[in-house]
Undergrad: 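Can you keep this structure in mind? I'll have questions shortly.
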Amino acid sequence: MEEATRPGNFIRTIIDGDRQAGKNGGQVVTRFPPEPNGYLHIGHAKSICLNFGLARDYAGRCHLRFDDTNPAAEDVEYVDSIMDDVRWLGFDWGQHLYYASDYFEQIYQWAEQLVKEGRAFVCELTPEQQREYRGTLVKPGQNSPFRDRTVEENLDLFRRMRAGEFPDGSKVLRAKIDMASPNLNLRDPIMYRIKRFHHHRTGDQWCIYPMYDWAHGLSDAIEGITHSICTLEFEAHRPLYDWFIDVLPGVHHPQQIEFARLNLDYTVLSKRMLIELVTGKYVSGWDDPRMPTIAGFRRRGYTPESIRDFAERIGVAKADSVVDTGMLEACIREDLNTKAKRVACVHEPLKVVIENFPEGETEEFEAPFFPDDPPKMGSRKLPFTREIWIEREDFMEVPPKGFFRLAPGKEVRLRCAYVLKCTGVIKDDAGNVVELRATVDLETKSGNPADGRKIGGTIHWLSAAHALKAEVRLYDRLFTVPAPASDKEKNFKEFLNPKSLVVLKDAYVEPSLAGAQPGDRVQFERKGYYYVDPIDSKPGAPVFHRIVPLRDGWAKQNKDKGSAKK
RNA sequence: AGGGGUGUAGCCAAGUGGUAAGGCAGCGGGUUCUGGCUCCGCCAUACGAAGGUUCAAUCCCUUCCACCCCUACCA
């Protein structure tokens with residue numbers, strides 16, 4: 001059984017207990033209930049994987065329900081994007097697509113029922129007055145002066161609220177619970193407010209809209225949800241969730257369970273801040289590859305498998321936590337390691353003229369796309385000529401110890417080709433290296449030097465005559481500090497990383513990439529995993545997004561040295 | 001008259017009266033025509049702290065400390 005092989009978590013423990021006790025007939029029905037007021041982010045992905053994953057593992061079902069009770073903030077653009085994102089992640093709600101707005105009439109009828117039972121009343125206190133009557137964390141509240149209206153008056157007023165006889169904000173319907181409760185959520189919470197907004201589904205049919213606490217639990221109940229999983233901040237709402245359901249006889253009672261929401265370092269995961277980044281044009285949109293949105297990760301080139309794996313690895317618990325972004329990177333690297341063809345791209349080219357290789361001649365080398373298992377993905381031919389491009393950072397005029405790439409008089413292996421020796425350095429007037437002269441050891445095509453000398457490094461290269469121009473976009477973390485949202489004095493936008501996007505317009509890729517298709521993912525050897533952007537790529541002019549760099553032992557070694565000197 | 005939660009390694013996270021899983025990161029080494037991958041090894045005498053119960057406590061009890069959430073006609 002799959003559930004036995006997965007790491008345990010407290011929610012599975014609860015469900016296992018419920019099934020053993022025969023609760024809900026052993027059924028598991030969950031739901032993912034987003035409000036369509038923004039794009040989904042990686043934190044939502046955690047919740048989606050949890051809810052749909054539970055349904056899958058326990059042979060139950062998971063509903064997609066839009067919590068569309070506040071038309072002031074919601075929009076169809078968001079419902080469409082949310083459905084796209086859930087599907088892209090690999091989950092299927094089947095026939096179970098719902099909207100809280102589908103239940104407005106039923107929920108309204110239940111509200112009338114509470115009014116008739118004297119459990120709800122129409123209140124005319126202004127928001128400011130309500131705040132005063134509510135009391136504080138350490139002081140009980142006071143009853144509203146409207147709390148003792150007769151049932152008849154309340155029913156009449158409530159029906160006229162629905163009928164549109166009163167202006168926005170002039171009246172609310174409140175549950176009559178306990179103004180002295182230490183749990184502020186129980187101090188006669190608002191059930192309905194008057195709010196004339198065009199609703200994306202119900203149009204202008206309603207001018208009163210139910211509040212979250214009133215509508216959410218009842219929506220769960222209507223759908224027969226068994227386990228209503230939400231984040232920790234709703235823990236204090238659970239008594240209210242239970243109250244609203246228990247007060248209505250015969251209504252199914254789902255169990256609300258809370259878990260810790262995801263936090264990721266070096267980014268922000270609050271809808272408010274993400275919206276600010278988009279509307280303030282700090283990023284190109286919701287799908288900017290630097291955004292922690294699902295759309296952003298998709299555009300960056302992440303696979304749904306890697307996101308699901310991430311959700312699995314971080315687990316589910318109740319302790320507040322901040323996950324290291326390195327965890328996510330490890331997931332995508334692991335996924336792409338076995339899927340991506342190995343090809344060559346020179347990001348910042350430096351010309352090398354091979355003096356002992358004849359001008360005008362082209363030699364071809366057979367190079368497997370997946371060297372670790374050559375038959376797996378086949379191979380291509382790499383053209384080799386007198387003039388080649390190498391990576392600028394693969395040459396150093398004065399190499400530090402441990403640098404085993406190219407330097408004057410030194411040798412390196414050209415990947416899949418000859419051993420190359422640097423014989424000359426050409427500079428411009430400013431002293432910048434603009435070209436190298438070199439020779440190649442013709443005996444080293446398919447093996448190491450016969451004399452047994454050791455070649456330290458291998459670098460990638462491209463025949464200048466055959467290389468294709470390409471645009472490469474290098475992405476880095478969006479913020480420069482681990483917790484941009486939690487600084488007391490500074491606005492999170494002050495921590496935006498100015499180098500989060502570096503565009504290389506003059507990179508070169510190997511000829512085989514002429515056929516690269518939008519959406520392809522490859523490994524540029526020694527650099528990282530890249531994605532052919534489906535939006536900005538044009539035929540013959542591909543745009544590659546760096547999804548994630550390869551682990552870099554050399555960079556790490558240097559970084560350590562650098563910090564040791566301080 | 002406050003209430004509700006949470007503390008296990010640098011970061012996640014299992015475990016739960018019987019002597020601390022796993023992953024990420026890190027460190028050391030093997031291998032290597034990617035400084036990648038992979039392989040081998042190391043990485044908490046210790047579970048927020050202090051007491052108590054017990055043959056035995058991360059787990060049960062008591063007290064304390066730290067952090068998070070709740071005072072929207074948002075969800």
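All values reported here derive from a predicted model rather than from experimental measurement. Naming: A, B, ... by sequence-line order, numbering from 1 per chain.
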Undergrad: Sort out the partner of B:U19 for me: Watson-Crick or G-U wobble, both distances under 3.5 Å, none otherwise.
TA: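 The answer is none; no pair meets the criterion.
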Undergrad: With both distances under 3.5 angstrom, what nucleotide forms a Watson-Crick or G-U wobble pair with B:C33?
TA: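 Across any shown strand, B:C33 pairs with none.
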Undergrad: Distance check, C1' atoms only: B:A25 and B:A13, in whole angstrom units.
TA: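 Looking at atom C1' only, B:A25 and B:A13 are 14 Å apart.
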Undergrad: Is the distance from OP1 or OP2 of B:C74 to the nearest side-chain N or O of A:Lys271 less than 4.0 Å?
TA: no
Undergrad: Using a cut-off of strictly less than 4.0 Å, decide whether A:Arg551 has a side-chain nitrogen or oxygen near OP1 or OP2 of B:C37.
TA: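 Result: yes.
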Undergrad: Side-chain N or O of A:Arg333 less than 4.0 angstrom from OP1 or OP2 on B:G36?
TA: no
Undergrad: Please confirm whether the shortest side-chain N or O distance from A:Arg187 to OP1 or OP2 of B:C70 is below 4.0 Å.
TA: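 For A:Arg187, the contact criterion (side-chain N or O under 4.0 Å from OP1 or OP2 of B:C70) is not met.
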Undergrad: A:Ile257 has an atom CD1; how far is it from atom P of B:G5, in whole Å?
TA: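 The answer, rounded to whole Å, is 14 Å.
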Undergrad: Which nucleotide in the set B:C24, B:G35, B:A75 lies at the smallest distance from any side-chain heavy atom of A:Arg313?
TA: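 Nearest listed nucleotide: B:C24.
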Undergrad: Quantified in whole Å, what is the C1' atom distance between nucleotide B:A21 and nucleotide B:C64?
TA: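 One C1' to the other, the span is 31 Å.
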Undergrad: Over how many whole Å does the gap from A:Glu393 atom CD to B:G35 atom C1' extend?
TA: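 Roughly 11 Å, once rounded to whole Å.
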Undergrad: Would you check if there is a donor-acceptor pair between the side chains of A:Tyr529 and A:Gln523 at a distance under 3.5 Å?
TA: yes
Undergrad: Suppose you measure atom P in B:G48 against the same atom in B:G7; what distance do you get, rounded to whole Å?
TA: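 8 Å, rounded to whole Å.
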Undergrad: For atom C1', what is the distance between B:A56 and B:U19, given to the nearest Å?
TA: 8 Å
Undergrad: With a 4.0 Å limit, can you tell me whether A:Lys318 has a side-chain N or O closer than that to the phosphate oxygens OP1/OP2 of B:C69?
TA: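 No, outside the criterion.
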Undergrad: Between B:C11 and B:A49, how far apart are the C1' atoms? Round to whole Å, please.
TA: 23 Å
Undergrad: Look through every strand shown and name the nucleotide pairing with B:C27 as Watson-Crick or G-U wobble, where both distances are under 3.5 Å.
TA: B:G41
Undergrad: For A:Ser181 and A:Arg405, find the nucleotide of RNA chain B closest to each by heavy atoms; which residue's nucleotide sits nearer the 5' end?
TA: A:Ser181
Undergrad: Using purine N1 to pyrimidine N3 plus N6-O4 or O6-N4 for Watson-Crick, or N1-O2 and O6-N3 for G-U wobble, each under 3.5 Å, what pairs with B:A66?
TA: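 For B:A66, the partner nucleotide comes out as B:U6, under the 3.5 Å rule.
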Undergrad: What orientation do A:His216 and A:Tyr241 show, parallel under 30°, tilted 30 to 60°, or perpendicular over 60°?
TA: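 Answer is tilted, since the angle falls between 30° and 60°.
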Undergrad: For this output row, return yes or no: ring centroids of A:Tyr302 and A:Phe297 closer than 6.0 angstrom.
TA: yes
Undergrad: Nearest to the A:Leu550 side chain among B:G36, B:G35, B:C70, which nucleotide is it?
TA: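 Nearest to the side chain of A:Leu550 among the choices is B:G36.
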Undergrad: Suppose you measure atom P in B:G29 against the same atom in B:C65; what distance do you get, rounded to whole Å?
TA: 48 Å
Undergrad: If we call it a pair only when both distances are under 3.5 Å in a Watson-Crick or G-U wobble match, what pairs with B:A14?
TA: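 WC or wobble partner does not exist here.
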Undergrad: For the CD atom on A:Glu128, are there more than 12 heavy atoms of other groups (residues, nucleotides or ligands in this structure) within a distance under 6.0 Å?
TA: yes
Undergrad: Looking at B:U71, does its base get a donor-acceptor pair with the side chain of A:Arg134 below 3.5 Å?
TA: no
Undergrad: Quick one: is A:Ser321 getting a side-chain N or O under 4.0 Å of the B:A13 phosphate, OP1 or OP2?
TA: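 Result: yes.
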Undergrad: Could you work out the separation of B:A20 and B:A44 based on their C1' atoms and round it to a whole Å?
TA: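 Taking atom C1' in both B:A20 and B:A44, they lie 8 Å apart.
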Undergrad: Is there a stack between A:Tyr212 and B:A75, judged by ring centres under 5.5 Å and planes under 30°?
TA: no
Undergrad: For B:G36 versus B:C42, give the span between their C1' atoms, rounded off to a whole number of Å.
TA: 23 Å
Undergrad: Look through every strand shown and name the nucleotide pairing with B:A72 as Watson-Crick or G-U wobble, where both distances are under 3.5 Å.
TA: none
Undergrad: How about A:Phe121 and A:Phe158: are their ring centres within less than 6.0 Å of each other?
TA: no
Undergrad: Does a side-chain N or O of A:Arg261 approach OP1 or OP2 of B:C68 to a distance below 4.0 Å, or not?
TA: no
Undergrad: Could you tell me how far apart A:Asp220 (CG) and B:A75 (P) are, to the nearest whole angstrom?
TA: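 Going from A:Asp220 (CG) to B:A75 (P), I get 14 Å.
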Undergrad: Aromatic contact between A:Phe403 and A:Trp554, with the criterion being ring centroids under 6.0 Å apart: yes or no?
TA: yes
Undergrad: Which is more 5' along RNA chain B, the nucleotide nearest A:Asp372 or the one nearest A:Cys123? Just name the residue.
TA: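 Nearer the 5' end of the strand: A:Asp372.
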Undergrad: Round to a whole Å and report the spacing from OH of A:Tyr241 to P of B:C70.
TA: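 Spelled out: OH on A:Tyr241 to P on B:C70 is 20 Å.
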Undergrad: What's the closest nucleotide to the side chain of A:Asp552 if the choices are B:C73, B:G35, B:G15?
TA: B:G35
Undergrad: Between A:Ile194 and A:Tyr209, does a side-chain contact (heavy atoms from CB on, under 4.5 Å) hold up when you go through it step by step?
TA: CA-CA 7 Å; A:Ile194 305 172; A:Tyr209 290 95; over 6 Å; no
